[in-house]
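In what follows, every chain begins at residue 1, and chains take the letters A, B, ... in the order their sequences are listed. Computed from a prediction, not measured in an experiment: that's the story for all the values here.
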Amino acid sequence: MNVAEFLKAPTEEIYNELPPITLDVETTNLDKGSALNPHNRLVSLTTKEGDTITTWTEKDGLAALETKLLSLEKDVVLVGHNIKFDLQWLAIYGLSLYDVVVWDTMVVEKVLLGNNPRMLPLDLGSVAKRYGMAGKEPLVDLWMKSGVCPSTIPTSMLLKRNVYDVKVTEAIYKKQLKQCNEDGKLGVALTRCLLTPVLADIESHGMQLDKDRVMEEYDKAMEQQAIVTNGLLEVANINWNSPKQVGELLYDKLKFKELKRHGKPLRTPAGGRMTGVDTIKLLKCTTKRQKNVKNLLLRNSAINAKLTKSLNAFKRCVDADDILHFAFRQHITATHRLSSVGTFYKLQGQNIPRKFKRLFTTKEKDWDIVEGDGSNLEFRVAGELGDDDQVREDISNPDFDAHQTTADTLTRAGQETSRQDAKSHTFKPLYGGTSGTDAEVEYYKQFNARYSGVSETQERWKREALETKKVRLPWGMEFFFPHTKITRSGYQEYSTQICNYPVQSFATADIIPIALVYTWHMLREYKLRSVIVNTVHDSIILESPKDETDKLNEILLVAFTKSCYNYIKRVYKMTFKTPLGVGIKRGSHWSEGDEIKTDIENTYE
DNA sequence: ATCATCAGCGCC
DNA sequence: AAATGGCGCTGATGAT
């Protein structure tokens with residue numbers, strides 16, 4: 001299937017037009033069968049096309065496999081459960097990820113479940129049962145789960161499992177396709193599934209650490225940690241990582257007063273005393289001893305164990321001359337943005353401390369790390385969903401500074417605030433935030449008054465959730481709030497989620513994936529060597545040779561703007577009227593270098 | 001020994 | 001009575 005061509009005029013109807021081929025692979029099972037472990041190998045590939053089920057196994061030879069893979073690149077939909085896994089394997093044996101359209105029954109099931117408030121499991125057996133089919137065959141399933149390698153399971157039994165898998169997967173696909181058509185969710189399914197092969201590819205690349213920078217940072221951190229640890233040891237011989245023990249020391253021994261709001265002590269959700277940095281910063285000192293401990297604890301957190309942990313992992317990685325790999329998951333989060341898990345070194349790609357981004361560089365010498373980042377993405381999406389002309393005006397006005405406006409408003413209301421300190425308040429109303437100091441509440445009021453389109457839309461969502469227990473969005477997504485209700489005090493429970501989910505979801509589960517898909521296909525279409533190596537919610541990270549600077553900038557600009565407008569218009573039948581923009585940073589290391597920012601108004605050609 | 005939960009903290 | 005969203009990972013803790 002020529003996907004690049006399809007993307008010029010995308011339509012979700014492709015799923016009603018193309019015939020399915022359902023597939024399932026078995027592999028040896030080191031690292032859970034990871035395609036990145038060179039000691040693993042493909043054991044079998046089973047496909048179901050119409051009524052024909054065939055299985056390739058190792059003894060059939062690689063030539064037969066190649067022929068089979070070519071048939072998967074025809075005008076068909078590849079159906080599989082967690083098909084990213086299968087794709088990564090098949091890519092190793094020659095399948096072109098650029099030329100397949102997939103339907104991942106796990107991902108589509110998540111689409112149908114929306115935020116999945118009941119946390120229903122999404123493994124194949126559980127989904128099958130919910131559709132009224134038999135679960136997995138228990139014995140082989142038990143073997144697989146307890147680590148028996150598929151290559152040692154009797155062929156006939158393995159075959160039986162493969163046949164079950166493809167039959168059930170295909171049956172689920174048929175029901176899901178019908179459901180998606182009826183619910184108007186086919187477009188969302190398309191967006192999610194177009195991203196799947198892209199993720200399969202991104203994961204295979206991984207990111208490169210700069211050995212010298214890592215070692216320098218590591219040595220520095222260890223030195224500082226030694227100093228602070230010694231200081232703390234002189235204060236008390238307790239476990240400083242234990243909130244319980246630190247709480248006892250602070251509030252019982254040292255007699256710090258707990259922070260209060262409205263006369264009541266601030267506590268953790270389970271009622272424990274607060275010992276986090278933000279709390280410690282606010283504790284009032286009256287004695288020298290208190291001052292000393294507060295100082296040490298703050299320094300301890302600045303160079304805290306978590307940082308040492310990430311540096312430890314970085315160090316292990318560079319010591320092994322290795323690449324850092326992450327895995328993305330499309331079926332975890334309530335809003336359908338990606339979640340990321342660290343693979344070998346247990347580091348997530350999405351929460352690398354900002355100050356450590358400079359430790360990442362390129363695999364090729366003299367290439368650059370490029371980061372394309374959707375400008376104020378969630379704010380703009382909120383503006384679009386609220387059809388808010390004030391948002392459009394403010395983002396188009398180069399003199400308008402949202403954070404400075406926040407700072408000024410807070411200061412005018414009697415709470416002197418710097419631009420930096422204002423940042424955390426600027427978009428709090430987008431998350432449904434309403435409480436805080438008097439000045440903060442005043443700011444939230446003014447925010448809602450200024451962006452009345454946004455706040456009215458949020459109120460509409462809240463009412464809809466109250467009446468129907470769900471919020472349905474124009475692009476087909478639905479979020480379910482079975483327990484939302486108004487409490488005695490007049491507060492609507494779950495209102496923060498109701499306000500935030502649509503915005504976060506459309507921004508980071510639709511727009512950025514669309515940008516990723518288009519970037520990925522355009523890189524290939526224009527024969528660039530640049531590769532995508534990571535994505536973090538509203539950004540795309542690439543490795544790129546310097547001579548591709550102009551071409552890549554052009555691609556990113558189009559992908560983050562026009563491609564999104566056109567895709568949203570064709571697939572979601574929505575006219576996106578708020579300008580989108582992209583900021584592009586290019587440098588020898590991640591997050592270094594000057595940023596170019598460009599917005600493009602949507603012009604439909 | 002293993003598991004679930006809490007608290008803390010990193011990112012967007 | 002109050003209530004800013006979404007994650008994953010770690011260490012501590014307490015139960016099984």
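- A donor and an acceptor atom sit less than 3.5 Å apart, one in the side chain of A/S489 and one in the base of C/dA3.
- No engagement by A/P429 is indicated, since no non-hydrogen atom pair under 4.0 Å with the nucleic acid exists.
- Taking side-chain N and O atoms only, A/T275 has a distance below 4.0 Å to OP1 or OP2 of B/dG8.
- Distance CD (A/Q245) to P (C/dT13): 5 Å, rounded to an integer number of Å.
- A ring-centre distance under 6.0 Å is found for A/Y451 and A/F379.
- Regarding contacts with the backbone of B/dC12, a side-chain N or O of A/K357 is found under 4.0 angstrom from either OP1 or OP2.
- Contact of A/N351 with B/dG10 (side chain to base): a donor-acceptor pair of N or O atoms is detected under 3.5 Å.
- A/S242 has a side-chain polar atom (N or O) that falls below the 4.0 Å cut-off from OP1 or OP2 of C/dT13.
- For the pair A/K315 and A/Y218, the cation-pi test (distance below 6.0 Å, angle within 45°) is passed.
- Within the structure, a side-chain polar atom (N or O) of A/T496 is placed less than 4.0 Å from OP1 or OP2 of C/dG5.
- The nearest whole Å value for the distance from the CD atom in A/Q504 to the P atom in B/dC11 is 17 Å.
- OP1 or OP2 of C/dT4 sits under 4.0 Å from a side-chain N or O of A/S435.
- Under 4.0 angstrom from either OP1 or OP2 of C/dG6 there lies at least one side-chain N or O belonging to A/Y501.
- Dashed line: the shortest gap from a side-chain N or O of A/R354 to OP1 or OP2 of B/dC12 is under 4.0 Å.
- For the pair A/F506 CZ and B/dC12 P, the interatomic distance rounds to 23 Å; values are reported in whole Å.
- Note on A/N500: every side-chain N or O is 4.0 Å or more away from OP1 and OP2 of C/dT4.
- Of the side-chain N and O atoms in A/R329, one or more sit less than 4.0 angstrom from OP1 or OP2 of C/dG8.
- Among the protein residues, A/I332 comes within range of the sugar-phosphate backbone only, with heavy atoms under 4.0 Å from sugar or phosphate atoms but none that close to a base.
- At a threshold of 4.0 angstrom between heavy atoms, the contacts of A/V277 are confined to the sugar-phosphate backbone, with no base atom among them.
- Residue A/T333 has no polar side-chain atom (N or O) positioned under 4.0 Å from OP1 or OP2 of C/dC7.
- Atom NZ of A/K485 has 12 or fewer neighbouring heavy atoms from other residues, nucleotides or ligands inside a 6.0 Å radius.
- Among the heavy atoms of the strands lying under 4.0 Å from A/G342 are primed sugar atoms or P, OP1, OP2 only; no base atom is included.
- Taking the six-membered ring where the residue is Trp, the centroids of A/F506 and A/Y501 are separated by 6.0 Å or more.
- Using a 5.5 Å limit on the distance between ring centres and a 30° limit on the angle between planes, the aromatic ring of A/Y491 does not count as stacked on the six-membered base ring of C/dA2.
- Below the 3.5 angstrom threshold, one finds no donor paired with an acceptor across the side chain of A/R337 and the base of C/dC7.
- Using a 4.0 Å cut-off between charged side-chain N and carboxylate O, A/E217 and A/K220 make a salt bridge.
- A salt bridge links A/D252 with A/R273; the closest basic N to acidic carboxylate O contact falls under 4.0 Å.
- In this structure, A/I498 places its CD1 atom 15 Å from P of C/dT4, rounding to the nearest Å.
- Straight-line distance from the CZ atom of A/F356 to the P atom of B/dC12: 14 Å, rounded to whole Å.
- Distance CG (A/D373) to C1' (B/dC12): 9 Å, rounded to an integer number of Å.
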